[in-house]
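Only one structure is covered here, and it is reproduced in the block below.
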Amino acid sequence: MDFNVKKLAADAGTFLSRAVQFTEEKLGQAEKTELDAHLENLLGKAETTKLWTEKIMKQTEVLLQPNPNARIEELVYEKLDRKAPSRLNNQEQLSQYMIDAGSEFGPGTAYGNALIKCGETQRRIGGAHRELVQTGAINFLTPLRNFIEGDYKTISRERKLLQNKRLDLDAAKTRLKKAKVAEARASAEQEVRITQSEFDRQAEITRLLLEGVSSTHAHHLRCLNDFVEAQMTYYAQCYQYMLDLQKQLGSFPSTFASNNNQSSLTTMQSVSLPSISASGPLPAASNSVVTSGFSELKAASGNRKARVLYDYDAANSSELSLLADEVITVFSVPGMDSDWLMGERGNQKGKVPITYLELLN
């Protein structure tokens, strides 16, 4: 019991000391230990990453699910760790209305038949959109959310702890300045040494966490490529479905076609669009050529020149920092992770992420 009382008293004393130090700093009555420029830069980078990741994540959710009520419902079920009930999406709902209307008007009539065919196409588009939503959620939204709810929360916790250690250090320095008696000064000097050591240790822990944000950028870049590929697949499917539908509608009697905007139809038919076979594979992502180039390099024993696409800050001594548009030599090392290569610039050498590179011929 006495131990708990003493601990509570010590905690209250520490809290009061920090509060006094913080207030005096705000009033300009106490000195403040400044963080080094590199750590401040890392903190700013992490804060900016968190800010834009949140915005991109929220707007992507709006893109994939425009209905705010549906988004709230999905969030509630996610928090309850339960599967949300399956509901028709906008395209599938429109499909149902069109098919029902076509059946009511009569499949044998030109309008009724066209409505049914349009409804069937909308249903296929709805299925493709469902796949896009699922793929986007798993490959893009989930990694962004994991950073916000996981990595960044850890960074924030350690950053707050660093702030407390800094306040303890500066409060100890203030007490040392005010100490007049030799015994009091000796005790204050010992306190400064202890708080300085704790502050330095916490600063190093925080720095190591913050340096991981560069790896987060590399990971999010790969996730972004996956999302772009999923969108490309979806739009290619939609284009093919609508192309097939247009051909079917074009086979209707001219009396039906005359009720539509013929000039618009002619304009659409004159637009030169890529030909996609209904039975053939969908176009591959544009980065597939690049990926195959890296695969060939990994399989070979030689090296290649590569242009750097974006700045990259090395997360540790085994990696090589990069500057956009510079040209470096890259080569593979047995046992290396598939997302990395060894980079060489003069006498400097280290691991580099392949997502930041473009192989040169």
Side-chain angles (χ1 to χ4, degrees), residues 59-74 83-141 224-288:
Q59 193 57 40
T60 303
E61 290 174 342
V62 173
L63 174 69
L64 296 178
Q65 177 50 269
N67 188 332
N69 294 329
R71 290 200 303 275
I72 293 174
E73 181 185 56
E74 291 171 359
K83 185 178 180 180
S86 179
R87 300 186 186 281
L88 297 178
N89 57 33
N90 293 337
Q91 294 89 346
E92 290 168 335
Q93 189 67 62
L94 176 60
S95 163
Q96 191 63 55
Y97 289 158
M98 285 183 165
I99 292 175
D100 290 348
S103 300
E104 182 77 17
F105 296 143
T109 66
Y111 185 39
N113 193 3
L115 280 171
I116 292 174
K117 290 184 181 299
C118 288
E120 291 171 347
T121 298
Q122 289 298 329
R123 184 171 57 202
R124 297 171 72 189
I125 292 176
H129 188 267
R130 209 174 270 280
E131 293 179 7
L132 171 64
V133 171
Q134 183 178 11
T135 303
I138 295 173
N139 295 342
F140 189 56
L141 287 177
L224 180 61
N225 286 334
D226 290 341
F227 183 54
V228 169
E229 183 173 352
Q231 282 186 301
M232 186 203 69
T233 299
Y234 167 68
Y235 290 120
Q237 287 177 317
C238 291
Y239 168 73
Q240 186 61 56
Y241 296 154
M242 297 308 295
L243 191 64
D244 293 342
L245 175 62
Q246 185 187 48
K247 292 177 181 178
Q248 294 177 39
L249 295 182
S251 65
F252 288 152
S254 59
T255 54
F256 167 71
S258 64
N259 292 328
N260 295 279
N261 189 334
Q262 188 65 33
S263 61
S264 297
L265 182 61
T266 303
T267 301
M268 280 297 296
Q269 291 173 338
S270 66
V271 176
S272 177
L273 292 171
S275 176
I276 303 175
S277 171
S279 60
L282 292 167
S286 59
N287 64 351
S288 61

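In what follows, every heavy atom counts, from backbone to side chain, and hydrogens, waters and symmetry copies are set aside. In this text the structure is predicted, and so the values were computed from the model without any measurement.
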Could you give the distance from [atom1] ([X]) to [atom2] ([Y]), rounded to the nearest 0.5 Å?
X: Ile116; Y: Thr121; atom1: CD1; atom2: OG1; result: 12.0 Å
X: Ser103; Y: Met98; atom1: OG; atom2: CE; result: 13.0 Å
X: Gln91; Y: Arg124; atom1: CD; atom2: CZ; result: 14.0 Å
X: Leu64; Y: Gln59; atom1: CG; atom2: CD; result: 10.5 Å
X: Thr109; Y: Leu115; atom1: OG1; atom2: CG; result: 8.0 Å

How about Gln93: does its CD atom have over 12 heavy atoms from other parts shown lying under 6.0 Å from it?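 Yes, because the 6.0 Å sphere around CD of Gln93 holds more than 12 heavy atoms from other groups.
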Do [X] and [Y] have side-chain heavy atoms sitting under 4.5 Å apart?
X: Ile138; Y: Gln134; result: yes
X: His129; Y: Val133; result: yes
X: Cys118; Y: Leu249; result: yes
X: Thr233; Y: Glu131; result: no
X: Met242; Y: Ile125; result: yes

Nearest heavy atoms of [X] and [Y], plus distance in Å:
X: Tyr241; Y: Ala128; value: CE1-CB, 4.3 Å
X: Ser95; Y: Gly119; value: OG-O, 2.6 Å
X: Arg130; Y: Leu88; value: NH2-CA, 3.9 Å

Given Leu63 and Gln231, is the side-chain contact (heavy atoms from CB on, under 4.5 Å) satisfied, shown in steps? CA-CA 11 Å; Leu63 174 69; Gln231 282 186 301; 3.8 Å; yes
Quick one: does Glu92's side chain have a donor or acceptor within less than 3.5 Å of a partner on Asn89's backbone?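 Side chain of Glu92 to backbone of Asn89: a pair is present.
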So, using ring pair (Phe, Tyr, Trp, His ring centres under 6.0 Å) as the criterion, who are the partners of Phe227 when residues are at least two apart?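 Counting only residues at least two positions away or on another chain, Phe227 forms a ring pair (Phe, Tyr, Trp, His ring centres under 6.0 Å) with Phe140.
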Does Asp244 form a side-chain hydrogen bond (donor to acceptor under 3.5 Å, both in side chains) with Gln248? I'd like the steps, not just the answer. CA-CA 6 Å; Asp244 293 342; Gln248 294 177 39; over 6 Å; no
Taking it one step at a time, do Glu229 and Asn139 satisfy side-chain contact (heavy atoms from CB on, under 4.5 Å)? CA-CA 11 Å; Glu229 183 173 352; Asn139 295 342; over 6 Å; no
